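Computed from a predicted structure; not experimentally measured. Read the numbers this way: they start at 1 and go in the same order the structure lists the ligands and their atoms.
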Amino acid sequence: MRTDTGTTVRLEDYAPTLFDAKHVTLMISLHPKATVVRNSTDYAPRGVVDDPLVLEGDGLNLVAADLNGAPLDPRAYEASPDRFVLKNPPKKPFELTLTTIVAPEDNTELMGLYRSSGIYCTQCEAEGFRRITYAYDRPDVLSTYDVWMLADGPGEQVLLSNGNLVAEGQQDGRAYAQWHDPFPKPTYLFALVAGALGAVRDTFVTASGRRVALAIYVEPGKEARAGYAMDALKRSMAWDEERFGREYDLDVFNIVAVSDFNMGAMENKGLNVFNDRYVLADPAVATDLDYAGIEAVIAHEYFHNWTGNRITCRDWFQLCLKEGLTVFRDQEFTADVRSRGVKRVQDAKRLRLAQFREDASPLRHPVRPSTYDEISNLYTATVYEKGAELVRMIHTLIGEAAFRKSMDTYFDRFDGTAATVEDFLSCFAPLDVNAFMAWYQEPGTPKVAVEEDFADGVATITLTQHPAPSATVKPVPIRIAAFGDSGQLDLSAAKVKGAELDGDLLVLKGETASLTLRDQGAAPIVSVLRAFSAPVILERADAPARDIALLTRESDPFSIWDAAQRLLIGALLSAYAGDEPDLAATGEALSAVVTDDAHEAALRALLLEVPSRFTLIEAIGTDVDADKVDAAHRTVSTALGKAMQPALTALHDAPAPAADDVSAGAAGARALRNCALTLLAAAGDTARAAKQADEAGNMTDRLAALGALAGARADETDAALETFHDAFSHEALVLDKYFALQALRGDGDPKARVEGLMAHPAFSLSNPNRTRSLIGAFSQNVAAFHAADGSGYRFLAETAAKLDAQNPQVAARLLTAFGDVRRFDPARRSAAKAALEATFAKVKSSDVADIVRRLLSAN
Ligand code: B3K
Ligand code: ZN
């Protein structure tokens with residue numbers, strides 16, 4: 001039962017704590033129902049303090065309180081489940097020892113100390129530590145830690161916490177361990193793990209010669225599946241030394257994989273805890289996408305050691321300081337170890353799909369907000385992905401050399417502190433910090449209009465920025481290129497007004513800028529926003545001929561992909577309007593590009609993806625009809641498959657890479673074949689997909705074939721899915737894929753199918769991965785979730801209300817799907833409103849209440 005009341009927190013109210021908490025000693029005696037936590041913290045008043053010491057708790061049960069080793073008079077303090085108050089604290093440093101009892105086994109929220117498949121583990125970010133013991137549970141209070149742990153039985157041989165191992169042994173038949181973390185850290189980075197676990201081990205020698213013992217702990221028997229994660233960890237450690245000059249700082253680095261986890265992973269100092277889907281991999285059960293995800297998340301959490309842990313956040317408003325920056329760093333890692341061009345397309349695609357969508361929804365907020373009601377709901381695409389884009393723009397504006405130097409300054413100046421976005425920006429000397437700060441403070445996606453004029457051999461390109469409602473004009477880096485019949489034009493000869501142009505980079509600082517090119521034989525083909533240089537929406541007249549020309553003339557992967565997207569969005573819009581889409585010219589141009597080996601296979605695969613239903617919904621804008629969206633998507637997939645049949649057949653007939661080759665190159669080749677397969681199935685060749693589903697040598701090919709069958713509503717779908725289910729019913733992470741495939745199917749009655757699967761013996765709302773794979777996937781099934789009769793809305797709202805009692809964070813996350821509803825017709829909007837209001841009446845948590853309140857306030 002949550003005890004927080006959901007009041008609004010404001011950035012302007014920030015004040016440091018009255019006391020410092022220099023050192024924390026925890027003695028933890030583990031037990032499923034009654035774990036005893038003895039917390040001795042050294043507090044010191046910051047200056048002269050006449051006020052009480054007030055600590056946070058959440059559902060705690062105090063059993064003893066001592067001051068400097070002597071029991072406290074009960075009148076000297078007040079203790080409730082959510083607060084401990086020491087009424088007259090000493091005027092000089094003191095040690096306060098508070099003993100609480102918690103029940104990890106009953107902790108279904110998966111925040112604080114809980115059990116996952118018999119393993120004790122913790123999740124403390126953002127406010128989980130207060131569910132273990134009373135503390136200043138906020139990121140600007142940094143303490144060193146000593147942790148003593150005592151196992152609850154002979155099975156728990158692995159006992160882990162942050163920092164370095166000091167001692168371990170046996171006491172009365174129970175294992176114990178002592179850990180010391182010398183790096184001051186906030187409570188949210190505390191972690192503890194205990195249980196019967198298997199491990200893979202390795203060593204990393206840092207640039208300065210320090211030997212670091214690495215271990216990844218998994219369920220016994222699954223060790224072989226952690227090999228790829230270990231490899232990714234070592235590559236991440238080497239990369240951070242190379243690109244950012246950052247070395248690891250403890251003697252050990254441990255990772256633990258657990259199967260019940262609210263999100264992807266957690267960067268606790270020296271002891272990262274992971275959702276096992278981001279650790280365990282084998283080509284038979286994990287797809288290429290899973291491998292790429294593991295590599296990126298391992299890197300992300302590791303990179304937090306400097307951006308997040310060594311330098312942490314002053315308050316939660318500064319969350320992007322660690323998250324946006326660390327996403328930027330993991331994106332750069334993937335760009336360096338896989339493909340820069342492909343990674344840029346993937347990131348742009350993700351930003352548009354998740355963040356632009358959020359920014360256009362009632363859940364929109366600035367990258368650095370100034371208020372929040374529930375911190376758990378601030379872990380959003382805006383903080384993470386747009387936060388990363390802002391760092392990327394700084395990189396673009398000042399260049400790699402100055403960026404690296406500024407990052408060194410940041411690490412030098414703020415190491416060991418809890419910093420702010422302003423602190424960060426102050427290190428980037430050449431940057432106009434005041435102007436740039438608006439990117440952090442304003443919600444919404446700016447638009448940039450592109451106008452072209454050509455007369456008498458003179459071409460003029462005018463760019464005008466239109467800030468989002470109530471936002472201001474901001475610096476926008478726009479990469480630009482122009483092409484003539486004989487190739488790329490030299491823009492250094494262009495006359496530029498209202499901006500500076502450096503190579504292909506034009507920085508729009510005011511509202512508008514223009515570029516004039518003289519002596520042109522014909523209107524040049526202009527490419528704007530190369531490499532997706534800013535998180536903006538381009539407004540530009542449709543010109544299929546220009547986009548077809550860009551497909552062959554551009555060299556920038558993002559621009560090539562974006563041209564293909566525009567062509568296909570045009571086709572989707574005409575199908576949505578009820579016209580037969582004409583894909584002859586697009587099909588011909590795309591066939592040429594996707595069979596051209598000069599481009600990486602992974603990029604060519606992306607070119608073959610029909611823009612998602614959500615992209616079409618955004619393009620339509622308002623009063624969307626969900627059934628027509630679904631039909632348009634299928635019409636265009638079929639027409640494109642038919643128009644490109646020869647090229648697609650050749651691509652799919654090409655030899656497949658070795659089934660167990662998980663390299664980026666092999667993954668790209670497989671993606672290309674499988675995108676071809678998907679379109680061929682949409683065009684009627686479902687036998688090909690059915691055959692692949694039967695014969696596939698790895699999970700990537702198997703899942704792609706099943707997705708192709710389901711997407712094409714092929715007759716073979718049911719049988720193929722059942723075969724898949726039976727073959728992998730003992731593999732939890734594969735069953736998640738099965739549930740998701742079923743929830744995303746458009747044929748028949750998807751809601752009835754999902755309700756049926758909720759009765760499947762392997763379904764459980766208490767496992768977040770399973771919930772997301774069935775209920776979360778259903779919320780992304782456009783036609784089913786946005787069904788005209790409101791049944792999809794009611795189902796999601798009711799399921800979230802049920803889950804709220806168990807796991808409010810996951811429940812709240814499910815409801816964010818309602819953010820799209822404003823795009824739909826009035827009947828659907830009122831059905832959604834009714835469903836949300838009914839939920840609001842039932843929910844207890846501040847997590848769900850906050851999301852529902854925001855969704856309703858803007859409806
Ligand atoms: N910092 C964690 C996310 C914590 C979410 C808390 N609700 C993982 C990450 O971003 O690396
Ligand atoms: Zn992170």
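- Of the candidates R364, E358, K386, H365, R364 is the only one forming a side chain to side chain contact (heavy atoms under 4.5 Å, CB included) with P443.
- Salt-bridge annotation for D249 and K269: present, with a side-chain N of the basic residue lying under 4.0 Å from a carboxylate O of the acidic one.
- Between L192 and M149 the shortest side-chain heavy-atom distance falls below 4.5 Å.
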**Message:** Is there a ring-ring contact (aromatic ring centres under 6.0 Å, His included) between F261 and F274? Walk through the geometry before answering.
**Reply:** CA-CA 7 Å; F261 207 64; F274 270 62; 8.2 Å; no

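- Residues forming a side-chain contact (heavy atoms from CB on, under 4.5 Å) with A126 (at least two apart in sequence, or on another chain): W316, I375, Y379.
- Proximity of a side-chain donor or acceptor of Q318 to a complementary backbone N or O of V421 within less than 3.5 Å is detected.
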**Request:** Step by step, work out the side-chain contact (heavy atoms from CB on, under 4.5 Å) result for Q809 and E109.
**Result:** CA-CA 7 Å; Q809 275 185 24; E109 292 185 29; over 6 Å; no

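- For a distance threshold of 2.8 Å, the protein N, O or S atoms nearer than that to the Zn ion (ligand 2), listed by chain and number, are H300 NE2, H304 NE2, E323 OE1.
- Legend: residues meeting salt bridge (charged side-chain N to carboxylate O under 4.0 Å, His left out) with D260, ordered by chain and number and at least two apart, are absent.
- No salt bridge links E385 with R357; every basic N to acidic carboxylate O contact stays at or beyond 4.0 Å.
- Closer than 4.0 angstrom to ligand 1 lie heavy atoms from E125, M263, A265, M266, E267, H300, E301, H304, K322, E323, Y379, Y384, Q809.
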